[in-house]
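Everything below concerns the one structure shown next.
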Amino acid sequence: MGGPDAQRAPRRGGRRRPAVIPAARRLLRQPSARRFALLLLLLAGFAALLPTLPRPDPHRLPELADQLGGLAPVVAIVGGALLLVALVPRTFITLATGAIFGPVQGAAYALGAALLAAAIGFAVGRLLGREFVAERVRGRLARLDGWFARQSVFGVVTVRLLPIAGFGLVSYGYGTTGARLLPFLAGSVIASAPTAFGYAAIGAAATSPGQINWYAAAPASLGLIASAVLVARWWRAERQRRAEGVTP
């Protein structure tokens, strides 16, 4: 009973359990890891707060423009950008701008908010996450990072139209890659344009009589086209890379 082996066994097991804590501490001593952890905490905080945001009555939204007067466009663009950065879906913001300002002005302000939010999200992702990611990408992840670095405006448009993540989350993610800023911003605005006009028209129709135009079908159709184009481009690039690899 209670021999030496029985006494040593719990201590051996006890040493294994806290081994993760020193490893995490060593990792967090690196400045890049601390910044990346801050980025993850920021995103987690936004995700936790998202369900608590108030939901305004759509029929009362047009009153906001009258109350704000000449500041209404600035508030719409800056406020919409901050909501996008906080991971609020772009669909709701565009519907709201359409309900407040009408289909054309609402779409224009929604695009302005998208451009500002894309720049902010990219900058935060680049500042907090790029160094950590660049230090650790290997193999296929390194090739994927290189693909982002070589992306043109068309490539950004294609990724933006795919239903893979929300607008704000994609902006943060792009910042952690080697992507270039100007193609990213241009592609983000171009990809947002069809849905901006479509959802702004729907938002305007919700608060005033009118018909929903054909732009309402644009998000789904463009998303399917973008998916097909991305798969075709990836398949062609893989074939070319393999052909170059076997060429003597």
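Because only heavy atoms are used, hydrogens play no part in the values below, and waters and symmetry mates are left out as well, while side chains stay in.
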Compare every heavy atom of Ala118 with every heavy atom of Ser171, then report the nearest pair and how far apart it is.
OG-CA, 3.7 Å
Correct closest heavy-atom pair for Ala107 and Phe197 would be CB-CD2, 3.6 Å
d(Thr97 OG1, Gln105 CD) to nearest 0.5 Å is 10.5 Å
Rounded to the nearest 0.5 Å, what separation is found between the CG atom of Leu116 and the CG atom of Leu111?
12.5 Å
Do Leu40 and Val133 land in one hydrophobic cluster if side-chain heavy atoms of ILVMFWY residues count as linked below 4.5 Å?
yes
Could you walk me through whether Tyr199 and Ile93 pass side-chain contact (heavy atoms from CB on, under 4.5 Å), step by step?
CA-CA 9 Å; Tyr199 288 126; Ile93 296 170; over 6 Å; no
CD1 of Ile120 to OH of Tyr172, rounded to nearest 0.5 Å, is 8.0 Å
What residue among Arg126, Gln151, Arg180 forms side chain to side chain donor-acceptor pair (under 3.5 Å) with Tyr174?
Gln151
Using the rule that Ile, Leu, Val, Met, Phe, Trp and Tyr join whenever any side-chain heavy atoms are under 4.5 Å apart, tell me whether Leu50 and Leu84 fall into a single cluster.
yes
side-chain contact (heavy atoms from CB on, under 4.5 Å) between Phe36 and Leu128, intermediate numbers included
CA-CA 5 Å; Phe36 189 74; Leu128 298 181; over 6 Å; no
Over 12 foreign heavy atoms within 6.0 Å of CZ, Phe148:
yes
Kindly confirm or rule out a cation-pi arrangement of Arg35 over Phe132, judged by NZ or CZ under 6.0 Å from the six-membered ring centre and within 45° of its axis?
no
Is there a path of hydrophobic side-chain contacts, each under 4.5 Å between heavy atoms of I, L, V, M, F, W or Y residues, that connects Leu38 with Leu127?
yes
Residue pair Phe101 / Ala76: nearest heavy atoms and the distance that separates them:
CE1-CB, 3.6 Å
Using a 4.5 Å cut-off on heavy atoms from C-beta on, say whether the side chain of Ser188 contacts that of Val156.
yes
Which pair of non-hydrogen atoms, one from Ala113 and one from Gly80, has the smallest distance, and what is that distance?
CB-C, 3.8 Å
To check you understand the geometry: which heavy-atom pair defines the closest contact between Leu169 and Ala165, and what is its length?
CD2-CB, 4.0 Å
Residue pair Phe122 / Leu185, side-chain heavy-atom distance below 4.5 Å:
no
Is there a side-chain contact between Val153 and Ile190 in this structure, where contact means two heavy atoms from C-beta onward sitting under 4.5 Å apart?
yes
Any side-chain heavy-atom pair from Arg160 and Ser192 closer than 4.5 angstrom?
no
Criterion side-chain contact (heavy atoms from CB on, under 4.5 Å) on Ile202 and Leu95, from CA distance to verdict:
CA-CA 7 Å; Ile202 295 172; Leu95 287 170; 3.8 Å; yes
Which residue in the set Leu49, Leu82, Leu83 passes side chain to side chain contact (heavy atoms under 4.5 Å, CB included) when paired with Val88?
Leu83
Would you call Val124 and Leu42 a side-chain contact if the rule is heavy atoms closer than 4.5 Å?
yes
